[in-house]
Amino acid sequence: MYTHSLLKPYFLFPGKFREYACTVFLISSLASIAFFPNALSVAIVLYFLSLIALLFHLEGRAVFSFQNGIFYNSLFFYSVVCFCIYLFINSIWASDPERALKKSLYVCSIITLLWLSIASLKHLPSSLLSKQIFSILVVSCFVIFYLFIEVLTQQSMLQEWLKIFPWLVEQNTKGIISEDGEVKHVVSFVLNKNIGALCFILWPLLCLTYLWFGKAWRWHLILGILAATILLTAMSASETAKVGLLLSLITFALMYFAIRHHIIHFTIKMIWIAAFVFTIPLMSLPFNLGLHQSDWLPFSARDRIYIWSYTAEHISDHMLFGIGIRSTRTHQKSFEKTHNGQKAGALQKRPGWHAHNLFLQTWYEMGLIGAAILTTLGLAILSLISRLVEEIQTFAYSGFVMALTLFSFGWGMWQSWLLASAMLCIIAFALANEFLQRKTPHSSY
């Protein structure tokens, strides 16, 4: 066993405690989806740190052997390095450099921790690997059940939590109606984050269910989890989650029943490239067609058409380098001051707090250079998925389509809970891949 001087205090605890800590932080990450999605950004970091520290103690520096791993890819590695470097450079000309640098540090840290965690998984004891997977299966089902109750009771339990922990209200004023310091009502869209985070882990959950259970049970459980998630999403206020669920289900059905995997891989790759190349005219099109005046569209959809149109029009002002990450919020505040205090949420062309679109926000904040780097990074991720065994590929491509949809129409790309949800999705697929490798060690993939 290897013990670094900086880690000695951690290793004073018994070995079982360190294993339990690793599992507890994973459970905390999953449970935060049900209770408080914003906490996921911290919980996932603690999970990665505990996992890396445990395996570093067991194997020493050898634990970080990147070569020959299923997730090793030179294109992916260099894309991540370029992305992280450019984040810090881009922060220099951001409207709020300090805020931008903090976000860059978080993003780069969580990506590095994910990378180290994946590289060390092959050293994970089989007993602990089984505990990790079992925890994901059990806790994820609990999350679905809990959110069902929340939706059916109009967030009654959330209201009780807010009464017990009033400081949570200060951090989440949007959608929470209080009077004299007491929470009176929680608007339905407050659960959208919970539903979005749940959608991120849906396909890894289904993949692990498929691998964990025998043929007699796996499809019954998969269909049960799918039916519960579909019903829960349909009852929620998240239109983005509904679209993502539909598109990912179509992807899964096509891959499982009809189309060869390389065709789906090529199609998704072309969509990814086209989304970056043509995002400016495409995001301007809905407004030019007058869809912002269509009563049949939900208010949130019409509102985003205004934001997309404004953002697309102003990308050319900083085409090469962008305005700097996390700068859209500052531009929205400046817009409010110069337009008679017009607040975000009104049907009017404006920057918004973020572009509600990964591709548009990348162009607006990071420019052509950022768009080129993220395009390459996405292609590298698709290349990694194509190297997985076919059983996992079916779920992984569906998960990629789900993530693509959530980032394209839902939240800002720099929201910590959203990034943490994506990291949780990836590490869950990595656990599935490791589990299958040990289950069929002589298979070639």
Side-chain angles (χ1 to χ4, degrees), residues 25-48 106-107 110 114 135-151 155 157-158 161 168 171-172 174-175 186-208 225-226 228-248 300 354 356 358 395-396 398-431:
F25 287 132
L26 175 60
I27 292 174
S28 301
S29 300
L30 294 162
S32 63
I33 295 174
F35 301 110
F36 189 46
N38 286 351
L40 179 58
S41 59
V42 177
I44 194 69
V45 170
L46 294 175
Y47 168 62
F48 287 154
Y106 176 79
V107 173
I110 198 171
L114 172 69
S135 298
I136 293 175
L137 294 171
V138 173
V139 180
S140 297
C141 290
F142 164 79
V143 169
I144 296 173
F145 176 74
Y146 180 89
L147 291 178
F148 245 119
I149 297 176
E150 282 286 72
V151 171
Q155 295 94 9
M157 287 190 290
L158 176 58
W161 285 117
L168 291 176
Q171 300 184 18
N172 300 271
K174 186 178 179 181
V186 178
V187 182
S188 58
F189 68 71
V190 171
L191 280 182
N192 286 0
K193 281 186 181 181
N194 306 69
I195 301 299
L198 173 63
C199 287
F200 264 107
I201 65 164
L202 172 62
W203 291 105
L205 170 62
L206 296 176
C207 180
L208 290 170
I225 293 171
L226 262 180
T229 307
I230 291 171
L231 184 58
L232 174 60
T233 306
M235 292 190 300
S236 74
S238 179
E239 302 298 330
T240 303
K242 294 171 186 175
V243 175
L245 189 56
L246 175 62
L247 294 178
S248 61
S300 60
H354 48 77
H356 287 283
L358 166 70
F395 296 96
S398 301
F400 186 88
V401 170
M402 174 69 83
L404 179 61
T405 307
L406 294 175
F407 272 105
S408 296
F409 304 109
W411 297 270
M413 63 185 290
W414 304 120
Q415 294 192 31
S416 298
W417 73 269
L418 191 68
L419 295 168
S421 299
M423 299 299 111
L424 183 60
C425 171
I426 294 172
I427 194 66
F429 272 123
L431 288 168

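Contact detail for Ile33 and Leu198: the closest heavy-atom pair is CG2-N, 3.8 Å. For the residue pair Phe200 and Ala403, the shortest heavy atom distance occurs at CE2-CB, 3.6 Å. Scanning all heavy atoms of the two residues, the minimum distance from Gly412 to Leu418 falls at O-CD2, 3.5 Å.
In this structure a side-chain-to-backbone donor-acceptor pair under 3.5 Å is missing from Ser416 to Ser41. Here the side chain of Ser248 pairs a donor or acceptor atom with the backbone of Leu245 at under 3.5 angstrom. At distances below 3.5 Å, at least one donor-acceptor pair connects side-chain atoms of Ser32 with backbone N or O atoms of Ser29. Side chain of Lys242 to main chain of Met235: no donor-acceptor pair is present (N/O by atom type, distance under 3.5 Å, no hydrogens or angles).
Remark: Met402 CE to Leu246 CG distance equals 9.5 Å, nearest 0.5 Å. Leu202 contributes atom CG, which lies 6.0 Å from atom CG of Leu226 (distance to the nearest 0.5 angstrom).
Between Phe35 and Tyr146, the ring centre distance stays below 6.0 Å.
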Please report the C-alpha distance between Val138 and Phe142 in whole Å, then the side-chain angles of each, then the deciding distance to 0.1 Å, and finally whether the side chain to side chain contact (heavy atoms under 4.5 Å, CB included) criterion is met.
CA-CA 6 Å; Val138 173; Phe142 164 79; 5.7 Å; no
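A side chain to side chain contact (heavy atoms under 4.5 Å, CB included) with Leu26 is found for one member of Ile44, Ile427, Leu424, Val139 and no other, namely Leu424.
Residues Phe429 and Leu208 form no side-chain contact, since every pair of their non-hydrogen atoms from C-beta on lies 4.5 Å or further apart. By the 4.5 Å heavy-atom criterion applied to side chains, Leu40 and Ser421 are counted as neighbours. With contacts defined as side-chain heavy-atom distances shorter than 4.5 Å, the pair Phe25/Phe48 does not qualify.
The aromatic rings of Phe395 and Trp203 sit tilted, their planes meeting at an angle between 30° and 60°.
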